[in-house]
Amino acid sequence: MKKFINQVDDVLAESLTGFASAHANIVSLNLEPHFLTRRHKAENKVAIISGGGSGHEPLHGGYIGYGMLDAACPGHVFTSPSPDQMLAAAEAVHAGKGVLFIVKNYAGDVMNFEMAAEMLPFESATVLTSDDVAVENSTYTTGRRGVAGTVIVEKVVGSLAETGADLAACKALGDKVNSRTASMGVALTSCTVPAAGRPTFDIGDTELEMGVGIHGEPGRRREPMRNADAIVADMVAAILEDLKPAAGSEVLLLVNGFAATPLMELYLLYNSAAKLLQDKGLNVTRSLVGNYITALDMAGASITICLLDDEIRQHWDSPVHTAALRWQR
Amino acid sequence: MKKFINQVDDVLAESLTGFASAHANIVSLNLEPHFLTRRHKAENKVAIISGGGSGHEPLHGGYIGYGMLDAACPGHVFTSPSPDQMLAAAEAVHAGKGVLFIVKNYAGDVMNFEMAAEMLPFESATVLTSDDVAVENSTYTTGRRGVAGTVIVEKVVGSLAETGADLAACKALGDKVNSRTASMGVALTSCTVPAAGRPTFDIGDTELEMGVGIHGEPGRRREPMRNADAIVADMVAAILEDLKPAAGSEVLLLVNGFAATPLMELYLLYNSAAKLLQDKGLNVTRSLVGNYITALDMAGASITICLLDDEIRQHWDSPVHTAALRWQR
Amino acid sequence: MRTEFILEAITAVNDVILHSETELESLDREIGDGDHFINLKRGCTTLLAMRDELASLPPADVLQRIGMKLLSTIGGASGPLIATFFMIMAKVEKAGDISSLSEIAAAFNASVEGIKQRGKANAGEKTMLDTLIPVAETFNRLAAANATPLEIFNAIQQTAEQGMLSTRDMIATKGRAAFLGERAIGHIDPGARSSQIIIHTICELAKQHHTA
Amino acid sequence: MRTEFILEAITAVNDVILHSETELESLDREIGDGDHFINLKRGCTTLLAMRDELASLPPADVLQRIGMKLLSTIGGASGPLIATFFMIMAKVEKAGDISSLSEIAAAFNASVEGIKQRGKANAGEKTMLDTLIPVAETFNRLAAANATPLEIFNAIQQTAEQGMLSTRDMIATKGRAAFLGERAIGHIDPGARSSQIIIHTICELAKQHHTA
Ligand SMILES: Nc1ncnc2c1ncn2[C@@H]1O[C@H](COP(=O)(O)OP(=O)(O)O)[C@@H](O)[C@H]1O
Ligand SMILES: Nc1ncnc2c1ncn2[C@@H]1O[C@H](COP(=O)(O)OP(=O)(O)O)[C@@H](O)[C@H]1O
Ligand SMILES: [Mg+2]
Ligand SMILES: [Mg+2]
Ligand SMILES: [Mg+2]
Ligand SMILES: [Mg+2]
């Protein structure tokens, strides 16, 4: 394992400190317990808090700021944060209108946020993101994972919250975006958890892992490596089979890198996916390409499609000012 | 080699097409010859054109837009573009006030841009960037390479051009920024040029290459891998020895990833470098952390320091709206 | 339950977890995300550092503090589950001294019920519950039948091992392994294995106490 | 110079370059950026596709078109340098038919001078010029001394090889290898090698013509 680190135990604190100091005009860092908030507390709005294991940067800290999150709770690498972090973060950013937790659907995250919500002295609600179609959904199981669609949920709900909408409305919009969003991921290499010091899985030079999440866990299938168009076709098919969009539907297309795949390849994947969607009669009107939710140093990418409607499009387009996502229209 | 590509020969065109379609509100792509311009031609300003081999994304296409470049000419991977590209791009964006080429100092880039300038029917000037302190400067040699400092030059000169400043003023500011900027790079892995299909150099699990550029070329020295603080100390020492800043100097600190190094590590490097500069009595008032000028799929990072003054700071802070760099103050 | 015994157990469990690094890490790497050992180690290290401060407290407070501390230290899926176990233990102990083995068995059972509720899971889902649920059942049954302590501890150890091993052939429906579908078959669940190791260790300690 | 000979040379050079893939690629990987072969191949492929269109043109136009086409096709450092070579050749040919070997030698010399100016480089800097400059010198000297064509071509081939080999022990001061400092020692310059291969091939072709 070659990584730019000092001590394995200090990676998180040092990286967070660097993040907070590089973006001191946007965020503030609290160290005991770990949480990040906006530099200037927002008033008169639902406080939007997310969090989860670290190693997915820029998620979630990079999405703190106007139009998106009020606070984020980073856990250890790939490990859910603990309820004391959520409680302290909520204490810091609650502005009288309740707290909305945006939580990726993993047993650990769900339970830790749930316990925090139970202990919270404020009104709260939770949006669980579960956009990963690699995992079959069922009421008897943990259900689908939350992956790159989480960024879209955070952006859209963050925008609504900025208008002063109440907790129920924010929760409802979050659930709606989640239900209209589906993702599929593919890995070309494993990642290496710093504390483990070796790749989570071994993979050959002619293989890929189809249907991976964002924690270096093996995917649904080990498959032979093939060209980009063929990979994209399989991913898009899985997504569309889930979303079943009507012909002519307007969609947002997000091609997300897991960290070690260069932009040149991500844009090539975008090109391939956008053409395919067009051929299938869909209308790609919004897009995002880059490393938005990563898996440490994994090479690979995910494709996410969100079915837009006027409300979602409007909140996607509205201004956002965070470390990792920023626009003004 | 595992990459998301179809045919090796189509990588560039497909990736550029994806880029242009994902950012259709900012850029337009011309395919024969390859060049990118702003979506809406700017008037009454010096046309700022950059370019160079591909594989460094988001450089340069990602920096087209308000406050930065008017056009970019992408060559094949790691291969300088040819003069016909610069001529066609200049024809498309020239707005009556001349053309400023921003060129990274490599023999190929210098000669191709030089021939373009000789054939150009408009007034032109060239800023050569040469911020890489790994290479000793000398009038008898090719001299230093242009690396991550190029992004700072493009941002600052792009801002000045937006005010309507003339060609001489833009050229002078570019040269000034370049002379006040120094970089040093380190690689943990090689990159793989798609057409070559194998890593440019082999490197062991306990080694690093110190003093690398952005083309997968070996660095100045093969050294033992060590912790982040020790690596940063060596890089910063080389940079400061070159810049020799006065105590209390105000600096911009750019920690740039070469593509495969995760943000978590880049922020950790930033933390380490920022602390070190503070200890040395320097005043880090501006920062940038991320993958801004990359080397295909290389793991590694560079540190760049730019000595700010009022003029440079002002043009750094001014609004910019490109695919890869965007702010509003 | 005695504070002294709890403190001894902390040391013993810490030792055995540290010795299981390679195994636990690779189990979680195979069907999870590889951090189960680190998570447990973080918990153990913190408890070890708390021993002096716990030594003078009554058992209910000790259990409650352990629960709260583990809740804020372990994180992940195992954090809230293990913490819940201790927090319920603390509540039962607070309600009335737990001293007889059948009282301990009942408290254990209540705590495992808490884990089931927190994780919305049951036996057969390839989780730590496949160790814990049969152990609770064996413990209660033998304690009610007035078995000797040695018989009880031996039976618990055996049940824990069987439960842990039973996860090997399961498809997971809860936890990260659920994402793998069929691919999880053939791998023992890391949480089932760590619970079994911990239970085994505490039973060994209890046997020493009962024979000493 | 005859158009027909130029077209034959294009085919022959294309063949030999394609056969040198591994070698040229690894030379440029060692002290450059690994693309020298690809750059040349791109140039060759384009010229090959142009042959029909060139066949009816006078040599000066052929050389000029080759120069312009290579300028827009090769890119990198070698693109403008090789293009410059042809563009000057074209200019000299245009100014007055080049036919005798000493006229060709003088034109070659002028073209190499053009490369020196464009690249601001000279002999001893570990570039293609370490092949080209001595070749120009040998060519002119022997042509002036009225050596036989065979003597001249043999001498050129030998000089090119020596020049190419001489780059091995040099520190580079121009081109990408200059960034490597001492680390470039022990490696032959890719451009010096490709020029030598091309010169060798054209000399072979010329020898066939002169003996035929
Ligand atoms: N819903 C659940 N109920 C009971 N145990 C669970 C549940 N989800 C996960 N587990 C247990 O947690 C273990 C994983 O713990 P750990 O690796 O520390 O957390 P994470 O899965 O968040 O990385 C699994 O092996 C399983 O035994
Ligand atoms: N200034 C120069 N003068 C002459 N030849 C040069 C100069 N710079 C580079 N070269 C030649 O160009 C060769 C490299 O060509 P190539 O790999 O195609 O371009 P690049 O270096 O841009 O990748 C070098 O091996 C060297 O022979
Ligand atoms: Mg985990
Ligand atoms: Mg090149
Ligand atoms: Mg785990
Ligand atoms: Mg080269």
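Chain A is the first sequence line, chain B the second, and so forth, proteins listed ahead of strands; every chain is numbered from 1. Model, not experiment: these values are computed from the prediction.
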(request) Please name the pair of heavy atoms, one in B:I303 and one in B:I239, separated by the smallest distance, quoted to 0.1 Å. (result) O-CD1, 3.2 Å
(message) Quick check for you: to the nearest 0.5 Å, what is the distance between B:E14 atom CD and B:N6 atom CG?
(response) 4.5 Å
(request) Check whether the ring centres of A:Y267 and B:H23 lie less than 6.0 Å apart, and answer yes or no. (result) yes
(message) Under 4.5 Å from any heavy atom of chain A, what part of B:L188 do you find: side chain, backbone, both or neither?
(response) both
(message) So that I know where these two stand, are A:W316 and A:W327 an aromatic pair - ring centroids less than 6.0 Å apart?
(response) yes
(request) Would you mind telling me which of B:A323, B:A260, B:A22 has the largest number of heavy-atom pairs within less than 4.5 Å of chain A? (result) B:A22
(message) Looking only at side-chain N and O atoms, does A:S318 offer a donor or acceptor that is under 3.5 Å from a partner on A:E162?
(response) no
(request) Name the member of B:L266, B:N291, B:I5 that forms the most heavy-atom pairs with chain A at distances under 4.5 Å. (result) B:I5
(message) Tell me which of these, B:G300, B:A273, B:C191, B:A13, has more heavy-atom pairs under 4.5 Å with chain A than the rest.
(response) B:G300
(message) Please classify the contact between B:M225 and chain A as side chain, backbone, both or neither, with a heavy-atom cut-off of under 4.5 Å.
(response) side chain
(message) For the interface with chain B, which of A:E57, A:M298, A:Q7, A:R326 has the highest count of heavy-atom pairs at distances below 4.5 Å?
(response) A:R326
(request) May I ask you to name which of B:I231, B:V11, B:D10 has the most heavy-atom pairs under 4.5 Å with chain A? (result) B:V11
(message) Out of the candidates B:K155, B:Q328, B:E154, only one should pair with B:V320 under the side-chain contact (heavy atoms from CB on, under 4.5 Å) rule; please name it.
(response) B:K155
(message) I'd like to know if A:D229 pairs up with A:K275 as an ion pair, taking the criterion as any Lys NZ or Arg NE/NH1/NH2 lying under 4.0 Å from an Asp or Glu carboxylate oxygen.
(response) no
(request) Against chain A, label B:L269 side chain, backbone, both or neither, depending on which of its atoms sit under 4.5 Å from a heavy atom there. (result) side chain
(message) Using heavy-atom distances under 4.5 Å, tell me whether B:A301 contacts chain A through its side chain, its backbone, both, or neither.
(response) both
(request) Of all the heavy-atom pairs spanning B:H76 and B:L12, show the shortest one and how long it is. (result) CA-CD2, 3.9 Å
(request) Using a cut-off of under 4.5 Å on heavy-atom pairs, state which of B:E207, B:H321, B:R226 scores highest against chain A. (result) B:E207
(request) Among A:N271, A:V289, A:L263, A:D205, single out the residue with the greatest number of heavy-atom pairs under 4.5 Å to chain B. (result) A:N271
(request) Pick one of side chain, backbone, both or neither for B:M1, based on which atoms fall under 4.5 Å of a heavy atom in chain A. (result) backbone
(request) Could you tell me which portion of B:T294 (side chain, backbone, both or neither) has an atom closer than 4.5 angstrom to a non-hydrogen atom of chain A? (result) neither
(request) Using non-hydrogen atoms and a 4.5 Å limit, figure out which bit of B:V77 sits close to chain A: side chain, backbone, both or neither. (result) side chain
(message) If we ignore hydrogens and angles and just use 3.5 Å, is the side chain of A:S287 paired with the main-chain N or O of A:L253 as donor and acceptor?
(response) no
